[in-house]
Amino acid sequence: MDCRREELLIAAIARLLEGCRNVAVGMLSPIPGTAAMLARARDPRVRVLGILSGNSFTNGGVELFDLAAQGRLDAFFLGGGQIDGRGNLNLVGTGDYPRSEVRWPGSFGSAFLYALVPRVILFREEHSRRVLVPQVDFISAPGPAAEDSRRRGGPHALLTDLALFTFDRERRRFCLESVHPGHGLDEVIASTGFDFDRLETVPETPTPDAETLALIRGPVAREIARTYPRFAAKLFPDAVAAS
Amino acid sequence: MDCRREELLIAAIARLLEGCRNVAVGMLSPIPGTAAMLARARDPRVRVLGILSGNSFTNGGVELFDLAAQGRLDAFFLGGGQIDGRGNLNLVGTGDYPRSEVRWPGSFGSAFLYALVPRVILFREEHSRRVLVPQVDFISAPGPAAEDSRRRGGPHALLTDLALFTFDRERRRFCLESVHPGHGLDEVIASTGFDFDRLETVPETPTPDAETLALIRGPVAREIARTYPRFAAKLFPDAVAAS
Amino acid sequence: MTGNAPFSSLEELAAQVPDGAKLAVPRDITGPAMAATRALIRRGLRGLHLVCVPTSGLQADLLIGAGCVATLETSAVTLGEFGPAPRFAAAVKAGAIAILDATCPAIHAGLQAAEKGIPFMPLRGVLGSDLIAHRPDWRVMQNPFAEAGDDPILVLPAIRPDVALFHAPRADRFGNVWIGPRRELMTMAHAAKETLVTVEEIVDGDLLAEDEAAAGTIPALYISAIAEARSGAWPLAFHDAYGADAVELADYARLARTEPGFAQYLARLLELDGE
Amino acid sequence: MTGNAPFSSLEELAAQVPDGAKLAVPRDITGPAMAATRALIRRGLRGLHLVCVPTSGLQADLLIGAGCVATLETSAVTLGEFGPAPRFAAAVKAGAIAILDATCPAIHAGLQAAEKGIPFMPLRGVLGSDLIAHRPDWRVMQNPFAEAGDDPILVLPAIRPDVALFHAPRADRFGNVWIGPRRELMTMAHAAKETLVTVEEIVDGDLLAEDEAAAGTIPALYISAIAEARSGAWPLAFHDAYGADAVELADYARLARTEPGFAQYLARLLELDGE
């Protein structure tokens with residue numbers, strides 16, 4: 001079945017969300033947002049929180065964080081300018097802090113949500129040694145420490161344009177789950193700045209089946225057009241025009 | 001000038017509120033409530049908070065306490081089943097806690113507000129050795145301790161049906177300010193279960209002047225009729241009928 | 001929002017409060033769920049740890065009198081202008097219930113700690129009160145940010161109710177509940193594991209669709225069950241909707257002074273809702 | 001409420017932010033007072049400790065570029081879909097401003113501590129983040145309620161702004177300000193010593209008279225000054241009232257990449273409001 005890069009990622013994230021009830025998504029995250037909407041289209045008990053048009057919060061900006069601390073938030077997405085093999089995230093900048101060579105926006109809620117939300121999905125399209133580094137220059141949000149038994153928060157998986165990894169808490173290492181169609185293991189190794197575990201033969205990331213693609217391109221596309229109009233218009237012009 | 005017991009108390013409290021901006025009053029406190037309204041009639045910058053029809057809070061029941069902790073609340077009223085000479089208040093009960101001989105409702109916010117609101121006015125109409133005791137059976141809210149330099153909260157004064165006291169922080173004792181018309185020093189001493197300071201000649205509590213009485217019986221009476229209808233109907237039937 | 005609104009009957013709602021639950025209820029003027037309280041009594045609920053936010057009146061007195069309460073955590077219980085709460089005072093004197101005396105902002109702070117998922121919350125004041133000596137679950141610590149000298153401060157553990165129960169003006173068909181400015185109800189819903197709500201009416205439309213209504217709305221995600229109960233706060237007043245039933249409340253205050261009088265009142269009260 | 005509503009012009013309002021003030025502002029989607037921000041820049045404000053609640057965008061970048069900011073306390077600064085905030089990044093690299101990097105819930109917690117008049121607030125998570133090493137004003141302590149073993153927890157000092165500044169849809173003639181569900185604005189007003197507000201319009205009636213509007217209203221007692229400013233959040237979007245001015249924002253993002261480009265943009269911007 002012919003499927004676009006974004007559709008593959010959307011379907012992969014929706015699989016990672018299986019069994020979740022409350023999923024929060026940032027406003028500038030159209031691919032995770034679309035994936036969450038796909039999960040909801042499949043299971044109406046799924047709630048997608050934090051997208052502007054959803055308006056599901058009524059206690060101000062603190063509510064998302066309180067919700068996570070109450071244990072009500074099942075999944076969230078984080079990225080980062082740098083991600084290292086221990087699962088540490090850097091959203092602050094490169095070089096010596098505070099006078100960073102490259103300064104990124106800042107840590108946002110990552111230092112908190114990464115520790116508290118059980119299924120944090122790391123999503124970063126660019127898969128390169130610039131992003132996936134041996135060690136981050138600044139730890140905005142740390143990967144789980146060995147002794148940190150109280151932590152219930154992520155990481156759960158890392159998804160890029162090339163591959164899908166899961167995270168092994170015991171070993172404190174990523175494990176390559178699958179490589180996307182059209183890419184190879186060598187390319188993944190060459191583009192990753194840290195060591196990771198893998199099976200002897202790494203499967204290919206499954207492409208979405210016809211039913212899933214129909215859902216994405218139909219009702220889900222129409223729904224996300226309200227929240228991510230530019231993204232929807234680019235990716236699903238037919239669905240947007242029809243709605 | 002002929003004035004009723006309640007009007008004398010209302011005028012006395014209004015004098016104690018001079019210079020205050022934000023005054024909070026409980027719902028079952030018609031005399032302090034009327035006094036606060038009188039203070040507002042004299043100075044429109046006075047805000048009277050916490051009376052139901054005023055509806056001045058929009059953050060739920062916690063807002064009064066947060067307001068006090070922010071330092072925005074200038075005056076509040078407290079009573080108590082027992083008040084002792086150190087300024088300790090008991091709103092819990094007599095005898096051995098927890099199986100009190102007489103159990104009162106409980107401490108409400110007294111333990112907090114008494115420590116934080118600068119001008120806490122103790123108001124208890126009954127002036128007797130049953131109420132004004134040598135030592136309370138249970139300290140709901142303590143009087144100021146000698147070493148407690150951080151405390152900014154009350155007591156400021158104690159007003160009863162017989163007399164007005166102020167509280168001396170240094171000496172940790174009440175000082176008799178004035179005795180109400182129709183009562184004498186001997187009666188006050190006989191009815192008070194604790195020692196207190198006083199001048200050689202104790203003045204009489206001033207009765208409200210004609211202007212004050214006109215304010216109380218006119219605009220203030222009409223205003224409080226909305227919040228304390230029974231109280232207003234009993235005390236100011238003419239004003240209530242005219243409104 | 002999704003279409004899984006949890007509507008139920010009063011009896012189904014009452015069945016969701018297990019024996020021994022830590023149950024949070026609002027003060028009389030905020031909106032206790034009185035019809036649901038009768039359903040709780042009718043089903044013979046036992047062993048409650050009742051948390052009054054931050055005080056209670058008729059509701060606590062009824063539940064205590066009916067034998068539903070093992071532990072009472074409150075800043076006060078009173079019938080207000082109708083006088084003292086007689087079953088409360090009698091139970092405390094008899095040692096029939098365990099009492100955790102608090103002060104209003106301490107209960108708010110404990111719920112806010114649970115809302116924020118933090119183990120404790122500091123509170124100024126209260127030091128020197130006998131309340132502290134009788135609350136082994138409270139602690140006094142040094143302020144870690146004190147600039148100079150001794151600066152003790154009270155710290156309160158989070159209060160995480162198993163169930164929050166209250167009455168509200170309306171819910172929509174998605175399960176969102178409008179509470180207006182009575183914000184402690186939102187804190188209770190955020191803090192509690194389950195939240196049960198009775199409402200005067202269930203309305204069409206989406207309370208979250210417009211900012212005007214959303215500002216006073218608890219989103220459905222915090223709500224476990226909703227039952228429609230017209231006059232659900234009776235005989236208490238309910239905001240602008242109806243005043244207190246003064247005859248009924250005076251009747252209660254008079255009869256509940258004795259145990260047989262209370263039993264007589266309760267039998268009549270429970271009959272009211274019929275079966 | 002009383003009739004002392006503090007209405008003023010934009011310039012009078014801007015004059016109430018002293019040099020060196022700790023100024024709290026909301027994130028881009030909540031309603032920064034952009035017209036007032038231009039008035040602050042025009043009057044040459046200096047030495048701000050800018051607290052972003054909990055992030056900022058155009059407003060922080062403009063104030064930094066114009067030299068108003070000495071210290072920046074924030075969880076992030078970004079122009080969102082228009083890209084990075086160039087003056088922020090340049091000032092941090094050059095060491096021209098002191099940066100206090102935070103994480104969103106830590107800023108909310110600090111403000112809530114000030115709202116509650118407590119010296120600190122605990123927060124879960126964050127442990128192990130380099131943020132802590134660079135925030136000497138934060139502390140890690142043991143949870144005094146830990147049931148067993150080691151249980152470290154971050155505690156954050158109260159953030160008490162000298163001034164909170166934001167834009168809101170409307171105020172009434174008594175000085176009450178309607179913010180709807182954007183509750184962090186109420187926390188900011190409770191936490192700050194003074195609160196300055198610009199509004200789209202001043203309406204008749206009393207926002208506190210009915211529960212519907214009161215649920216989303218900050219009472220006048222917290223408000224120091226109000227100035228009417230139509231399109232006061234421009235060029236940012238303002239809820240349902242108006243969208244973002246994408247041409248203007250793209251223009252800014254492009255020009256502000258260099259210091260001369262920023263100067264050119266700023267000169268044009270300040271001319272807009274005229275004198």
Side-chain angles (χ1 to χ4, degrees), chain C residues 31 105-106 108-110 112-113 115-126 136-147 151-158 168-170 176 178-183 185-187 207-219 238-241, chain D residues 31 105-106 108-110 112-113 115-126 136-147 151-158 168-170 176 178-183 185-187 207-219 238-241:
Chain C
H108 289 301
Q112 288 181 305
E115 172 180 57
K116 300 191 73 59
I118 52 180
F120 65 93
M121 181 85 85
L123 186 72
R124 284 293 186 192
V126 194
D137 54 333
W138 293 0
R139 305 248 185 294
V140 175
M141 59 172 264
Q142 283 296 320
N143 169 15
F145 294 94
E147 274 164 30
D151 185 17
I153 187 165
L154 179 64
V155 284
L156 303 153
R170 49 188 170 273
N176 304 304
W178 191 81
I179 55 157
R182 284 161 287 279
R183 208 73 191 178
L185 300 177
M186 192 175 291
T187 307
L207 286 165
L208 295 180
E210 304 287 337
D211 280 352
E212 275 68 14
T217 296
I218 305 174
F238 194 60
H239 317 311
D240 302 331
Chain D
H108 290 301
Q112 287 180 305
E115 173 180 57
K116 301 193 73 58
I118 52 179
F120 64 93
M121 182 85 87
L123 187 72
R124 285 292 188 195
V126 193
D137 54 332
W138 293 1
R139 306 248 184 292
V140 176
M141 57 172 266
Q142 283 297 319
N143 169 16
F145 295 94
E147 276 164 31
D151 184 19
I153 187 167
L154 180 64
V155 284
L156 304 153
R170 50 189 169 272
N176 304 304
W178 191 82
I179 54 157
R182 284 161 287 281
R183 207 75 190 176
L185 300 178
M186 192 176 292
T187 308
L207 287 165
L208 295 179
E210 304 286 337
D211 280 353
E212 277 67 14
T217 297
I218 304 174
F238 194 59
H239 317 312
D240 301 332

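Chain identifiers are assigned alphabetically (A, B, ...) following the order of the sequence lines, protein sequences preceding nucleic acid strands; residue numbering begins at 1 within each chain.
Chosen from C/G180, C/A215, C/A109, the residue pairing most often with chain D at heavy-atom distances under 4.5 Å is C/A215. Across D/H108, D/H239, D/R182, the residue that shares the most heavy-atom pairs under 4.5 angstrom with chain C is D/R182. Ranked by heavy-atom pairs under 4.5 Å with chain D, the first of C/P157, C/A158, C/P105 is C/P157. Here C/P144 is the residue among C/P169, C/P144, C/G216 with the most heavy-atom pairs under 4.5 Å with chain D. Between chain D and the options C/M141, C/R139, C/K116, the largest number of non-hydrogen pairs under 4.5 Å is found for C/R139.
C/P119 places a side-chain heavy atom less than 4.5 Å from the side chain of D/R124. Looking at heavy atoms from C-beta onward, C/R183 lies in side-chain contact with D/R183 at the 4.5 angstrom threshold.
With a threshold of 4.5 angstrom between heavy atoms, C/L154 does not approach chain D through any atom at all. Within the 4.5 angstrom heavy-atom criterion, no atom of D/D151 approaches chain C. If you measure heavy-atom distances from D/L123 to chain C, the contacts under 4.5 Å come from the backbone alone.
The minimum heavy-atom distance between C/D211 and D/W178, with the atom names listed, is CB-CH2, 3.8 Å. When every heavy atom of C/L156 is checked against every heavy atom of D/F145, the shortest pair comes out as C-CZ, 3.9 Å.
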